[in-house]
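See structure below.
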Amino acid sequence: MVTGKTQVFGLIGNPVAQSFSPFIHNSLAQALGIDMTYVTFPVARGSLKDAYRGMKALGIRGMNVTVPYKGDIMAELDGVDEAAAKIGAVNTLVYEGEQVKGYNTDWIGLWRSLERRGVGLKGRRVLILGAGGSARATAVMAAKYGAVHITVANRTLEKAQAITRLIGNTYSVKTSACSIEEAEITEGYEVIFQTTSLGMYPKTEGCPIRKTRCLNTADVAVDLIYNPEETQFLAAARQAGCQTINGMEMLFFQAVRAFELWQGQRVPEDVENRCLADFKDAVAEKNNGTKP
Ligand code: NAP
C-alpha cells in the first residue's frame, strides 16, 4: 500500500505509457518488501529541465530516462559514469548524497541476458548490425567482456565508423565498420547482434539482412527486439543453427540493474527468476493483444 512514507521512483520520456518498467520495478519491490512505488511521467519536448528540477524538488528518489532524452539529460547531471559517457546515453539517475549521477544499464542488462544462457564473448568475433544508441551499448559491452574483433555494419556508414573509432580508441579490441550489404555476405562472425529497429512490431516483415552467409559461422544470434518474440532475423538465425536470444531479458535486466543502483543491494537470484517469469507472462499477454 502507498503511504506517506512510500519512496517514489519513476520514468521520464515520451512516450512512456507503453513501458514495462512500472511492472518490473513494482514487482521487484513487492517481492523484496520494499516500500516504494514506480510511476511514469510523460515529459513534453522542451520540458526536460523543468522535469529534472521537479524530480529534485519533489523528492523523487531515482529516475529512469528513455527516448528522446537519454542524451540530453546528461547536460543536467552532476556526473556520469564511465560506460554511460562512452555510450553517450544515460537511462538511470541515482542520488549520491546530494549529487545526481547518470548511469547506463542497457549494456549490463544485455550482458546478464547472455550470461544466463551461458554465452560468453571472450576471444570472440562479433558483428553488430545497426549503429544507433543500442548498438553503442552493445559495442561497449562486447569490448568490456573481451570480444577480440567487433564489426559494426550500418546503413549510414559514418555512424558505424564513429562507434568503431570510439571502441578502438578505448579498449584493446580490433574493430571494423562496413555496410550491411558487405557484412551479410561475409563469414567469420561468431556472435551477431541485431540492433536496428527493422522487424519490430507492427512491421514484423522487416529484416536488416537479405543474404544469410554471415550466419554460417555464427553460433549465437541476438536480436534486441522483443516484440515479436522471434523476428525474421532470429528465424533465419535459428534455421542456420544458431542459438537465438531476443531482447526480452535485456529489457528486464536493465531494470533490475537500475533497481539495484537505487536500493544499494543485489536482487537475489530466486526473486529475479520469479519476477522474470511474471514479466515474460505480462509481455506475452501484451504481445498477443497486439498481433494483427
Ligand atoms: P536508434 O538509435 O534509432 O537506431 C536505429 C538503427 O536502426 C540505426 O542503426 C538505423 O540506421 C537502423 N535502421 C532504422 N531503419 C532502417 C532501415 N529502414 N534500413 C536499415 N537500417 C535502419 O534506435 P535504438 O535505440 O538503437 O533501438 C534499436 C532497436 O533496439 C529498437 O527496436 C529498440 O526497441 C531495441 N532496443 C531494445 C532494448 C531492450 O532492452 N531489449 C533496449 C534498447 C533498444 P541509420 O543509422 O542508417 O539510420
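This one's a predicted model, so the numbers in the text were calculated from it and none came from an experiment. In listed order, ligands and their atoms are each counted from 1.
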Could you give me the CA-CA distance, side-chain angles and deciding distance for E260 and R257, then say whether salt bridge (Lys or Arg N to Asp or Glu O under 4.0 Å) is met?
-> CA-CA 5 Å; E260 290 174 343; R257 184 63 197 138; 3.1 Å; yes
Any chance you could lay out the salt bridge (Lys or Arg N to Asp or Glu O under 4.0 Å) test for E76 and R53, step after step, and finish with the verdict?
-> CA-CA 9 Å; E76 310 299 323; R53 274 201 292 269; over 6 Å; no
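Per-residue contacts place S197 under 4.0 angstrom from the following atoms of ligand 1 (heavy atoms of the residue considered): 7 (O), 14 (C), 32 (O). Heavy-atom contacts of K159 reach the following atoms of ligand 1: 45 (P), 46 (O), 48 (O) (cutoff under 4.0 Å). Ligand-side atoms of ligand 1 in range of G133: 2 (O), 26 (O), range being under 4.0 angstrom from any heavy atom. Residue contact check: G130 has heavy atoms under 4.0 Å from atoms 9 (O) of ligand 1.
The protein atom (non-hydrogen) at minimum distance from atom 1 (P) of ligand 1 is G132 CA, 4.0 Å. Looking from atom 37 (C) of ligand 1 to the surrounding protein, the closest heavy atom is L224 O, 3.3 Å. Scanning the protein heavy atoms around atom 28 (C) of ligand 1, the nearest turns out to be T195 O, 3.0 Å. The nearest protein atom to atom 42 (C) of ligand 1, hydrogens excluded, is given as M250 CE, 3.7 Å; this is a heavy-atom distance. In this structure, atom 25 (O) of ligand 1 lies nearest to the protein heavy atom S134 N, 4.0 Å. Here the protein heavy atom with the shortest distance to atom 32 (O) of ligand 1 is M200 SD, 3.1 Å.
Remark: the backbone N or O of D50 is not paired with any side-chain donor or acceptor of S47 at under 3.5 angstrom. Judged by distance alone, with hydrogens and angles left aside, the side-chain atoms of T6 form a donor-acceptor pair with the main-chain N or O of T3 at under 3.5 Å. In terms of modelled atom types and a separation under 3.5 Å, the side chain of W262 and the main chain of L93 share a donor-acceptor contact.
Taking a cutoff of 4.0 Å between a charged side-chain nitrogen and a carboxylate oxygen, D106 and R136 do not qualify as a salt bridge. Remark: R213 engages E187 in a salt bridge, criterion side-chain N to carboxylate O under 4.0 Å.
Per-atom contact check: atom 47 (O) of ligand 1 touches the protein, criterion being a heavy-atom distance below 4.0 Å. Protein heavy atoms all stay at least 4.0 Å away from atom 3 (O) of ligand 1.
Of the options L198, N227, L251, T196, the smallest heavy-atom separation from atom 12 (C) of ligand 1 is shown by T196.
Heavy atoms of N154 found under 4.0 angstrom from ligand 1 belong exclusively to the side chain. With a 4.0 Å cut-off on non-hydrogen atoms, I225 touches ligand 1 through its side chain and not its backbone.
Counting only residues at least two apart or in different chains, ring pair (Phe, Tyr, Trp, His ring centres under 6.0 Å) contacts with residues 37-57 comprise H25-Y38.
In terms of polar-atom proximity, defined here as any N/O pair under 3.5 Å, R155 does make such a contact with ligand 1. Polar contact with ligand 1: present for G247 (N/O pair, distance under 3.5 Å).
In this structure, K144 forms no cation-pi arrangement with W111, as its terminal cationic atom is not both closer than 6.0 Å to the ring centre and no more than 45° off the ring axis.
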In a table with atom names and distances, give each donor-acceptor pair under 3.5 Å that connects a side chain of residues 233-246 to protein atoms at least two apart or in another chain.
residue	atom	partner	partner atom	Å
R238	NE	E230	OE2	2.7
R238	NH2	E230	OE1	3.0
R238	NH2	E230	OE2	3.4
Q243	NE2	R117	O	3.4
N246	OD1	M248	N	3.0
N246	ND2	E229	O	3.0

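D223 and T231 share a donor-acceptor pair across their side chains, judged by distance under 3.5 Å alone.
Contact annotation: A131 has at least one heavy atom less than 4.0 Å from an atom of ligand 1.
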